[in-house]
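Inspection log for the structure reproduced underneath, given as structure tokens.
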Amino acid sequence: MTLDDPLPRSFDGLASRVDATGFRSVAFTSALAGEGVSTIALGTALSLVALRSEAVLLIDANWIQPSLTEDAQLASAPGLADCLAGNTDAASAIRPGSRSRPAFLPIGDRTAARPTLRSLASLLTRDLANYSTAIVDLPPVLAGESFVLSWAALVDQVLVVLREASTPLPQVREALGKLGNATNAQIVLNRTVPQSGSATAALRAVRT
Amino acid sequence: MRPYLATARRYWWVLVMVLAIIWGAGLVAGYVEYASTYSSEATVWVHRAPQDLGAANPDEPNLPLLQTSASQQADLLNQLLQTKSFLRDVVRKTALGPSIEAQTDDGAALDAIAKHFKVQALGTNLISVSYAAHDPRTARDMVVAALAVRGERVAAAGTAATTAVSTLYQKELDLAEGKAVAAQQAIDEFNASHSGDLSSTDQEEWARLRLTLDLANVRVMDLRNRIDQAALAPAILDMSGLEFQVVDEPREEGAPHGGTRPALTLAGVAFIAGLALAALLVAIGTVLVDHVAGPADLVRLGPARLFATVPRVGRAGGTSRDLRAMLAAVAFADGRPDAEATKT
């Protein structure tokens, strides 16, 4: 499968909006587990790689269930937690990307450190400044609020993923309430019925 | 699955209350059933089943059943307990009789009574008959009454069979006596018409008539003996008590006994019903819960706005796990994001 296949291009709509708004750092989270956050972060990163001719970094910051790190088979590799703990530098922890793949920062040893506002700010401004776009996979707000809020204060945009006709509204309201109004979180509606006529193809055509 | 778990977490107190009520009611009912059930049991030594009421395979009536005496008698008693007339006679002999007879439709009550009886073979010649009731005296009376009515039925059946046989023999006796009288008349007429010495031909005729008379008399005597035997045999067998001997008489139990199975059944049903109702509530709660039906519904989330939608990916036989695996294969190239860069 390549980026020309229809599956990765399912995220082109979302990636093109990120691209159009000029966000450099976007964090994906949800109210409950199982909403498809990691899949959307992964798909969006792949689509952004194709849309932007700049380096895209995918960060697995899901302290509760780091499924992207497991997909990459990097569970024992140094990663984000080790960088925050000062055990390693980001340059050696990040797996470089290519013209068709995003760079990837795995979770690392989750017991080494927890994400704090200061450590994350330092990491983003000093070590990750080389990457023009950072896509962050976060745990569900209601299950891992402490892992989410520090990221929410630093990234350009927090996107809350919810599944159409599935995610209970009370849980979504509760999650948005925890994120707070200052975060200005927006919604990504997952697994919607496909609409005919997407603006994505037109946008890609213009950019190429 | 996760929406259901979310609903269960959200309404956990409702589920706990429902389970507490149903399970609590089941436990209480089970305890009451156990603590208020008295069972009385009689042990009976059986010799053979009465031939007139013997069991047969209902599917293959001509196929002989290989049964022990105990299983035959147990089957017979179980069959009798399935008939309402038998149960009416049993109930009539107990204190429950007036209340059952007062009902216009006693079928349901008799069916309920039948379920409280338990007949089982304990060995080749031993059966037990028990009855479970909420009153120890009723339990004992029902067992005593069942055994008594069974005896009456067997005796009645034996009498009916004896009457039928006696009637048949009586008809044959009348016929045989008629033949004997006719033979005697023939000899008398022969004697009257022949005086003095008889010729050889007459002697043969006289001998033939005499033989006919003797045979008729023997037949009459034989039939009279059979009639006597038919009338006496069941009475002798019944008096000897060989067929059905109550070894242990039913007693009034002082402590609750015999309600374990109903109590466990009640508790089990309540347990399963509680789980089923809880699952139903969770399912209904999940279906009816307020969720986002589409992009237009997002206005209900206040200031949060829709940023983008991700369509449901449809591929023949594909699932979200397949999509994730495909994306991971593209992004991580067999687990190494830098695999392509390394190769090149």
Side-chain angles (χ1 to χ4, degrees), chain A residues 1-3 5-8 10-11 13-14 17-18 32-34 36 38-40 42-43 45-46 58 67-68 71-74 95-98 100-104 157 159-173 176 181 184-195, chain B residues 1-11 282 285-315 318-344:
Chain A
M1 191 176 73
T2 67
L3 286 174
D5 284 342
L7 290 182
S10 303
F11 303 93
L14 173 56
R17 285 184 179 274
V18 172
L32 303 169
S38 298
T39 304
I40 286 180
L42 180 58
L46 281 169
L58 175 63
S67 58
L68 289 178
D71 286 349
Q73 301 175 18
L74 294 172
R95 304 305 160 113
S98 68
S100 61
R101 291 169 184 146
F104 179 60
Q157 180 65 54
L159 296 176
V160 178
V161 177
L162 56 94
R163 285 175 63 173
E164 185 176 78
S166 175
T167 310
L169 268 181
Q171 270 73 33
V172 180
R173 287 197 186 98
L176 291 173
N181 291 332
N184 193 24
Q186 296 192 50
I187 303 296
V188 173
L189 199 54
N190 191 17
R191 296 173 68 86
T192 59
V193 178
Q195 302 291 321
Chain B
M1 192 66 189
R2 293 182 191 279
Y4 295 102
L5 292 175
T7 305
R9 278 196 295 268
R10 187 180 181 197
Y11 298 109
V282 169
T286 304
V287 171
L288 297 181
V289 75
D290 210 7
H291 50 62
V292 176
D297 257 359
L298 290 176
V299 294
R300 299 157 68 189
L301 287 174
R305 290 180 294 110
L306 177 66
F307 184 79
T309 60
V310 176
R312 182 192 300 269
V313 177
R315 174 175 275 196
T319 64
S320 58
R321 289 182 186 277
D322 298 333
L323 169 64
R324 176 63 174 276
M326 291 173 188
L327 291 174
V330 172
F332 302 130
D334 297 325
R336 292 186 296 125
D338 54 344
E340 185 182 271
T342 304
K343 287 176 184 174
T344 56

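Letters A, B, ... are given to chains in the order of the sequence lines, protein chains preceding strands, and every chain is numbered from 1.
The shortest distance between side-chain heavy atoms of B:L301 and A:L162 falls below 4.5 Å. With a 4.5 Å cut-off on side-chain heavy atoms, B:L327 and A:L46 count as touching. Annotation: side chain of A:R17 is in contact with side chain of B:F307 (closest heavy-atom distance under 4.5 Å).
Checked by atom type, the side-chain pair A:S67/B:R324 shows a donor-acceptor distance below 3.5 Å.
For A:V18, the parts lying near chain B are the backbone and the side chain together; criterion is any non-hydrogen pair under 4.5 Å. At a 4.5 Å heavy-atom cutoff, the contact between A:E164 and chain B is made by backbone and side-chain atoms alike. Only the side chain of B:L298 comes within contact range of chain A, judged by heavy atoms closer than 4.5 Å.
Contact between A:S10 and B:P311 at its shortest, heavy atoms only, is O-CD, 3.5 Å. Heavy atoms only, all atoms of each residue included: A:F11 and B:V310 are closest at CE2-CG1, 3.8 Å. Heavy atoms only, all atoms of each residue included: A:R191 and B:R312 are closest at NH2-NH1, 3.0 Å.
The choice from A:L189, A:V188, A:L42 that makes the most heavy-atom pairs within less than 4.5 Å of chain B is A:L189.
Although no hydrogens or angles enter the test, the distance criterion places a donor-acceptor pair under 3.5 Å between the side chain of A:R101 and the main chain of B:V330.
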